Number of protein chains: 2
Amino acid sequence: MPRPDLAAMLGPLGRRLLALERPILAAHGVSMWGYAVLLRLADEPVRAQAALAESIGADKTRLIPVLDELQAAGLIERTPDPADRRARVLSITAAGRSLRDAVQTEIQAQEERYLAVLPPDQREAFLTALRTLAGFTG
Amino acid sequence: MPRPDLAAMLGPLGRRLLALERPILAAHGVSMWGYAVLLRLADEPVRAQAALAESIGADKTRLIPVLDELQAAGLIERTPDPADRRARVLSITAAGRSLRDAVQTEIQAQEERYLAVLPPDQREAFLTALRTLAGFTG
DNA sequence: TATTGTTATACTCTATAACTATA
DNA sequence: TATAGTTATAGAGTATAACAATA
């Protein structure tokens with residue numbers, strides 16, 4: 001018998017994990033897209049909001065209220081680029097970084113509990129393969 | 001360094017696979033939910049549309065136009081249950097079954113091409129783990 | 001004239017509530 | 001009165017188009 005469709009398994013699984021994350025994000029008062037932005041900015045500031053939107057798979061128009069919220073909460077900074085005053089340079093604040101760390105710790109702990117149904121070797125194999133697939137865009 | 005969040009990898013991956021399937025489904029003139037229904041009915045008829053909706057993770061109200069389309073296309077049958085004339089027994093037709101098979105063959109071929117970035121042993125490990133996780137609802 | 005960010009608008013998907021027909 | 005199916009309606013999420021500021 002043929003295996004179940006990949007998408008048919010990944011879809012519900014993703015939705016279930018997202019449902020696990022929602023209460024954590026809500027407890028910290030940050031939206032899912034807000035969290036995605038904090039993750040993206042953690043490494044380095046990003047020049048131009050459109051670039052940020054594209055890199056996290058969002059639309060630039062729907063990112064704006066998210067950035068407004070994050071900025072109002074003091075989690076990110078939006079400073080005009082001196083070289084091109086149309087553009088904004090986006091960077092995470094210390095508060096943003098600490099919120100990001102707290103949320104990510106809780107989320108990954110939750111995920112670990114979820115992954116615990118797999119034997120350790122399968123668990124590792126799954127994560128390894130998933131990282132490869134997630135990075136592959138062809 | 002901590003691994004990327006699970007959901008952050010699964011989400012985009014799922015979306016990408018879905019995007020690969022969309023043209024295939026369109027070519028066969030069936031919607032994603034319509035395909036999900038055909039898959040679910042392939043094994044056995046289902047009594048009650050609400051039960052079907054729940055079992056594929058859909059809402060019973062948004063399933064109705066889907067069933068209408070499938071029925072109009074002769075892919076499923078909706079017969080009143082003699083024992084309880086409020087309820088409908090849903091079953092797939094021969095045409096539905098053959099469409100389902102054709103679509104699934106193409107979709108899985110597409111997916112195989114996608115999975116080909118993984119070495120064979122990783123590929124198997126990934127599928128095994130995924131089946132376990134997808135079946136686990138805790 | 002083109003581009004960045006923004007706002008306003010429309011569209012899609014999904015869920016809630018009200019209706020009908022049977023029980 | 002309760003339930004299966006249906007319809008109508010409203011809500012979230014998303015994308016498209018128009019706008020203001022700067023280049």
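On a predicted model such as this, the values are computed, not experimentally measured, just so you know.
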Of the options A/L67, A/L41, A/L38, which is the one that meets A/L75 in a side chain to side chain contact (heavy atoms under 4.5 Å, CB included)?
-> A/L38
Just how far, in rounded Å, is P of C/dT7 from CD of A/Q49?
-> 10 Å
Could you check how far CZ of B/R88 sits from P of C/dA21, rounded to whole Å?
-> 12 Å
5'-most by nearest nucleotide on DNA chain D - A/T61 or A/A83 | A/T61
Pick base, sugar-phosphate or nothing for B/A58, based on heavy-atom distances below 4.0 Å to the nucleic acid.
-> nothing
Atom-pair distance (CG on A/L67; P on C/dG5), nearest Å = 10 Å
In whole angstrom, what separates A/D59's CG from C/dC11's P?
-> 16 Å
Determine yes or no for a side-chain-to-main-chain donor-acceptor pair under 3.5 angstrom, with B/T93 supplying the side chain and B/G74 the backbone.
-> yes
For A/R47 and A/D81, indicate whether the former's side chain and the latter's backbone hold a donor-acceptor pair under 3.5 Å.
-> no
Would you mind reading off the distance between B/L18 atom CG and C/dC13 atom C1', rounded to a whole angstrom?
-> 13 Å
Nucleotide interval of DNA chain D bounded by contacts with chain B (heavy-atom cut-off, under 4.0 Å) | D/dA2 to D/dT7
Quick one: is C/dT4 close enough that its OP1 or OP2 comes under 4.0 Å of any side-chain N or O from A/R78?
-> no
Whole-Å distance, A/D84 CG to C/dG5 C1', equals 11 Å
Calculate the interatomic distance between B/E54 atom CD and C/dT14 atom P; express it in whole Å.
-> 17 Å
Do A/R131 side-chain atoms and A/F126 backbone N/O form a donor-acceptor pair below 3.5 Å?
-> no
Is any side-chain N of the basic residue among B/E112 and A/R3 closer than 4.0 Å to the acidic one's carboxylate O?
-> yes
Rounded to the nearest 0.5 Å, how far does CG of B/L6 lie from CG of A/L127?
-> 6.0 Å
Distance test, side-chain N/O of B/R62 to OP1/OP2 of C/dA15, below 4.0 Å | yes
Rounded distance [0.5 Å steps], CG in B/D5 versus CG in B/L10 = 10.5 Å
In whole angstroms, the gap separating P of C/dT7 from CG of A/D68 amounts to 7 Å
